[in-house]
Amino acid sequence: MRGRIVETEAYPPGDASGHAFRGQTARNRSLFLGTGFAYVYFIYGTSYMLNVTAEEPGIGAGVLLRAFEPLEGIEQMERYRKTSKLLDLARGPGRLATALQIDQRLDGVDLCTDGPLWLGTSVGNTALVGTSVRIGISQEVGRLLRFFEIGNPFISGPKALSRK
DNA sequence: AAGAAGATTCGCT
DNA sequence: GCGAATCTTCTTA
């Protein structure tokens, strides 16, 4: 399966809304591995979330992947998601993880080498990138750390947050 | 040991 | 738009 990442949120060092804020624990240890690893966790009893770690080893920080534009393996994603609506396959962080069948087994995987999950290079023409506040958090609410491709239909969240 | 909150989704109105 | 589902982790006693 393959696709384009079209929406992300940053959780930088020292951010009170980030899982690394209170230091390393059994759950968030992958966040401290260094740049380019997967941090996968389970939340709300229903959803897995995928982050890409984003700092040097020992510093906890990551980027949440919130939406994905499916390009290849769409039939497989439809099976995992139990829907055939293309726009709903990976629109939202929990859906993205479900579509790619991502769970705790992929926690800590190196995304920059060959393996079950990896990051490729940019595909196609990238439109302008907009910013907004992050979705679903209650700390550091005002920071403009959500990023999305303007106009892309595969983006999650309220429409008002995806205009610019 | 118990309780609350959480980087959400789905179904129903 | 609203509330339930569902479970892990951290906080507080």
Side-chain angles (χ1 to χ4, degrees), chain A residues 1 3-55 58-70 74 76-109 111 117 119 129-150 152-164:
Chain A
M1 293 178 279
R4 297 177 68 229
I5 297 163
V6 297
E7 180 189 351
T8 63
E9 283 177 0
Y11 290 85
D15 181 349
S17 64
H19 286 187
F21 185 62
R22 292 172 211 291
Q24 191 169 338
T25 65
R27 178 210 208 187
N28 69 18
R29 65 189 152 73
S30 295
L31 273 178
F32 295 80
L33 288 174
T35 299
F37 291 84
Y39 165 50
V40 179
Y41 66 92
F42 191 57
I43 195 166
Y44 297 129
T46 57
S47 309
Y48 287 99
M49 304 275 163
L50 171 64
N51 288 240
V52 180
T53 60
E55 287 292 340
I59 298 181
V63 173
L64 171 69
L65 304 190
R66 288 196 56 93
F68 184 87
E69 176 179 343
I74 290 170
Q76 201 169 7
M77 296 183 204
E78 289 174 342
R79 282 199 296 278
Y80 297 146
R81 283 276 297 119
K82 296 179 169 42
T83 178
S84 58
K85 292 182 182 175
L86 183 62
L87 283 172
D88 287 343
L89 284 184
R91 187 166 52 82
R95 290 167 169 177
L96 184 156
T98 302
L100 298 177
Q101 204 167 55
I102 286 167
D103 59 27
Q104 69 277 4
R105 294 170 312 176
L106 293 173
D107 186 36
V109 162
L111 299 174
L117 183 67
L119 291 166
V129 175
T131 62
S132 82
V133 298
R134 293 171 290 181
I135 296 173
I137 59 171
S138 55
Q139 303 283 310
E140 309 243 8
V141 174
R143 302 183 74 180
L144 299 179
L145 292 176
R146 174 171 170 266
F147 304 91
F148 53 90
E149 185 179 39
I150 293 175
N152 189 293
F154 294 90
I155 286 174
S156 73
K159 201 174 179 182
L161 287 185
S162 295
R163 301 183 81 67
K164 61 185 177 55

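Below, chains carry the letters A, B, ... as their sequence lines are ordered, and counting in each starts from 1. All values derive from a computational prediction rather than experimental measurement.
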- Query: OP1 or OP2 of C:dT9 less than 4.0 angstrom from a side-chain nitrogen or oxygen of A:R22, does that happen here?
  - Reply: no

- Whole angstrom value for the distance that separates C1' of C:dT8 from CG of A:N28: 13 Å

- For A:R27, which contact category applies under a 4.0 Å heavy-atom criterion: base, sugar-phosphate, or nothing? sugar-phosphate

- Calculate the interatomic distance between A:D107 atom CG and C:dT8 atom P; express it in whole Å. 14 Å

- May I ask you to verify whether the side chain of A:Y44 and the base of C:dA5 hold a donor-acceptor pair under 3.5 Å? no

- Query: If you check every side-chain atom of A:T25, which of B:dT8, B:dA7, C:dT9 has the closest atom?
  - Reply: C:dT9

- Euclidean distance, atom CD of residue A:E7 to atom P of B:dA7 [Å, nearest integer]: 16 Å

- Item | Length of the line joining A:Y41:OH and B:dA5:C1', which is rounded to integer Å | 13 Å

- Closest to the A:Y39 side chain, choosing from B:dA7, B:dT8, B:dT9: B:dA7

- Query: So what does A:R146 hit on the nucleic acid, given a heavy-atom distance under 4.0 Å: a base, only sugar-phosphate, or nothing?
  - Reply: nothing

- Figure out the CD1/P separation between A:I43 and C:dC7, and round it to whole Å. 14 Å

- Atom-to-atom span, CD of A:E140 to C1' of B:dG6 - whole angstrom: 16 Å

- Rounded P spacing from C:dA4 to B:dA4 in Å: 15 Å

- Quick one: do A:R4 and A:E149 satisfy salt bridge (Lys or Arg N to Asp or Glu O under 4.0 Å)? Show the steps, please. CA-CA 10 Å; A:R4 297 177 68 229; A:E149 185 179 39; 3.1 Å; yes

- Message: Mind checking if A:S138 touches a base, just sugar-phosphate, or nothing, with heavy atoms under 4.0 Å?
- Response: sugar-phosphate

- For the base of B:dT8, is there a side-chain donor-acceptor partner from A:T46 under 3.5 Å away? yes

- Task: Among B:dG6, C:dT9, B:dA7, find the nucleotide with the atom closest to the side chain of A:N51.
- Result: B:dA7

- Item | Check ion pair A:D15-A:R134 (N to O, under 4.0 angstrom) | yes

- Taking the inter-plane angle between the rings of A:Y39 and A:H19 on a 0 to 90° scale, is it parallel (under 30°), tilted (30 to 60°) or perpendicular (over 60°)? perpendicular

- What integer distance in Å separates A:R134:CZ from B:dG6:P? 14 Å

- Item | Criterion side-chain hydrogen bond (donor to acceptor under 3.5 Å, both in side chains) against A:S156, the qualifying member of A:R66, A:R95, A:R91 | A:R66

- Tell me whether the OP1 or OP2 atom of B:dT9 has a side-chain N or O from A:R81 closer than 4.0 Å. no

- Query: Are a donor atom and an acceptor atom from the side chains of A:S132 and A:R146 found within less than 3.5 Å of each other?
  - Reply: yes

- The answer to which of A:R95 and A:Y11 contacts DNA chain B further toward the 5' end, by nearest nucleotide, is A:Y11

- Note on the structure: Partner of B:dA4 under the Watson-Crick or G-U wobble criteria, both distances under 3.5 Å, comes out as C:dT9

- Can you tell me the distance, in whole Å, between the CG atom of A:L161 and the P atom of B:dA7? 17 Å

